[in-house]
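For reference, the structure is listed below as structure tokens.
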There are 2 protein chains.
Amino acid sequence: MKNQLVKFIKKRRKVLGLTQMELADRAGVGLRFIRDIEQGKETLRLDKINQVLELFGHIMAPVPQSKETDDES
Amino acid sequence: MKNQLVKFIKKRRKVLGLTQMELADRAGVGLRFIRDIEQGKETLRLDKINQVLELFGHIMAPVPQSKETDDES
DNA sequence: CATAATTATACCTCTTAGGGTATAAACATA
DNA sequence: TATGTTTATACCCTAAGAGGTATAATTATG
């Protein structure tokens, strides 16, 4: 599966009913960064991504390419 | 667990008996980048990391913070 | 429909990641 | 010990990521 990050962020944000701006504020990143994530930009910085994922109790880690998202945790 | 990436890269590289330089060449990244990864630098670019992980059939994806590495796949 | 809220796109600036190179340190092995 | 190999640290330069802002497009909502 490709771009699990995009799907994950979008889904989680919707679940919490947050706007991109609210998410950006809570994560302490710029609004533009949230947009870049959700647009599938691949040249993002890892620390910034993790900064956002932390809100959802997640972190970026190496997983087998084939494996489907096992989280929903 | 923190920095699964560092552990993963170091372990995989050792298993294949590659030097940092060899890994850099095969992944198509600079030697400095491999070193930055293994030194735990957190401000790395996601696309570059994935470029390296691809050699091992892996990719960066969001996982629960608490979950231990389940790969070894 | 009109209006407001949310998201997307574009431009500018500043900071820094990534690559290269050189040197030093650590780690082997004889 | 000395020698060669691998890894770490430090420097410079270029390209681009991240943030801000403004504007357009999209999506609700009445």
Side-chain angles (χ1 to χ4, degrees), chain A residues 1-65 68-69 71-73, chain B residues 1-65 68-69 71-73:
Chain A
M1 241 281 115
K2 197 111 212 295
N3 250 341
Q4 300 179 236
L5 180 61
V6 174
K7 292 181 181 177
F8 181 83
I9 294 290
K10 283 187 176 177
K11 185 193 294 180
R12 289 300 179 107
R13 185 168 68 80
K14 291 286 165 61
V15 166
L16 297 189
L18 298 175
T19 65
Q20 291 177 338
M21 188 139 66
E22 288 169 334
L23 178 56
D25 286 342
R26 295 199 190 186
V29 300
L31 171 58
R32 271 266 322 276
F33 186 77
I34 299 297
R35 288 179 180 158
D36 285 343
I37 291 182
E38 298 198 357
Q39 242 99 76
K41 186 174 180 180
E42 297 189 340
T43 57
L44 301 168
R45 264 173 49 182
L46 183 61
D47 62 325
K48 292 289 172 184
I49 297 173
N50 283 330
Q51 200 173 324
V52 176
L53 288 179
E54 199 169 20
L55 286 178
F56 307 120
H58 281 60
I59 194 172
M60 292 293 275
V63 302
Q65 279 176 339
E68 280 296 313
T69 309
D71 38 55
E72 325 309 2
S73 60
Chain B
M1 241 280 113
K2 196 109 211 300
N3 250 341
Q4 299 178 236
L5 180 61
V6 174
K7 292 182 179 176
F8 181 83
I9 294 291
K10 282 187 176 177
K11 184 194 293 180
R12 289 301 178 105
R13 184 168 67 81
K14 290 287 167 58
V15 166
L16 298 189
L18 298 176
T19 65
Q20 292 177 337
M21 189 138 66
E22 288 169 335
L23 177 56
D25 285 342
R26 295 198 189 187
V29 301
L31 172 57
R32 268 265 322 277
F33 186 77
I34 299 297
R35 289 179 179 157
D36 285 343
I37 291 182
E38 297 198 356
Q39 242 99 73
K41 186 174 179 180
E42 296 188 341
T43 56
L44 302 168
R45 265 173 49 185
L46 182 61
D47 62 325
K48 291 289 172 182
I49 298 173
N50 283 331
Q51 200 174 323
V52 176
L53 288 180
E54 198 169 21
L55 286 178
F56 307 120
H58 282 58
I59 193 173
M60 291 294 275
V63 302
Q65 277 177 339
E68 280 297 312
T69 310
D71 38 55
E72 325 308 3
S73 60

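Each chain gets a letter, A, B and so on, in the order its sequence line appears, and its residues count up from 1.
Straight-line distance from the CD1 atom of B/Ile37 to the P atom of C/dA17: 14 Å, rounded to whole Å. Separating the CZ atom of A/Phe33 from the C1' atom of D/dT21 is a distance of 19 Å, rounded to the nearest angstrom. Atoms CD1 (B/Ile34) and C1' (D/dT6) sit 14 Å apart, rounded to a whole Å. If you measure from atom CG of B/Leu23 to atom P of C/dG19, you get 12 Å, rounded to the nearest angstrom. Put simply, CG on A/Asp36 is 12 Å from C1' on D/dA16, counting in whole angstrom units. One atom, NZ of A/Lys48, and another, C1' of C/dT15, lie 11 Å apart when rounded to the nearest Å. Rounded to whole angstrom, the span from the NZ atom of A/Lys10 across to the C1' atom of D/dT27 amounts to 14 Å. B/Met21 places its CE atom 13 Å from the C1' atom of D/dG4, with the value rounded to the nearest Å.
Here the nucleotide nearest the side chain of B/Thr19, chosen from D/dA18, C/dG19, D/dT7, is D/dT7. In the set C/dA8, C/dG18, C/dA17, C/dA8 carries the atom at the smallest distance from any side-chain atom of A/Gln20. Taking only side-chain atoms of B/Arg35, from C-beta outward, the nucleotide of D/dT9, D/dA18, D/dA22 with the closest atom is D/dT9. Taking every side-chain heavy atom of A/Thr43 into account, D/dG17 is the closest of D/dG17, C/dT6, C/dG18. Distances were taken from every side-chain heavy atom of A/Arg32 (C-beta onward) to each of C/dT21, D/dT7, C/dA10; the shortest belongs to C/dA10. For B/Gln39, taking side-chain heavy atoms from C-beta onward, the closest of the listed nucleotides D/dA8, C/dA17, D/dG19 is D/dA8. Here the nucleotide nearest the side chain of A/Val29, chosen from D/dG19, C/dA17, D/dA18, is D/dG19.
Scanning both residues, A/Val6 and A/Gly40, for their nearest heavy atoms gives CG2-CA, 3.6 Å.
The side chain of A/Lys41 contributes no N or O atom lying less than 4.0 Å from OP1 or OP2 of D/dA16.
The closest side-chain heavy-atom distance from B/Gln4 to B/Val63 is below 4.5 Å. Considering only heavy atoms from C-beta on, B/Asn50 stays 4.5 Å or farther from A/Glu42 through its side chain. Looking at B/Met60 and A/Leu5, their side chains never come closer than 4.5 Å, going by heavy atoms from C-beta outward.
DNA chain D is contacted by both B/Asp47 and B/Arg13; B/Arg13 maps to the nucleotide lying nearer its 5′ end (nearest heavy atom per residue).
Looking at heavy-atom distances under 4.0 Å, B/Arg45 makes contact with sugar-phosphate atoms alone, never a base. Residue contacts for B/Leu31: at a heavy-atom cut-off of 4.0 Å it reaches no nucleic acid atom on any strand shown.
A side chain to side chain contact (heavy atoms under 4.5 Å, CB included) with B/Phe8 holds for exactly one of B/Ile37, B/Leu53, B/Val52; it is B/Leu53.
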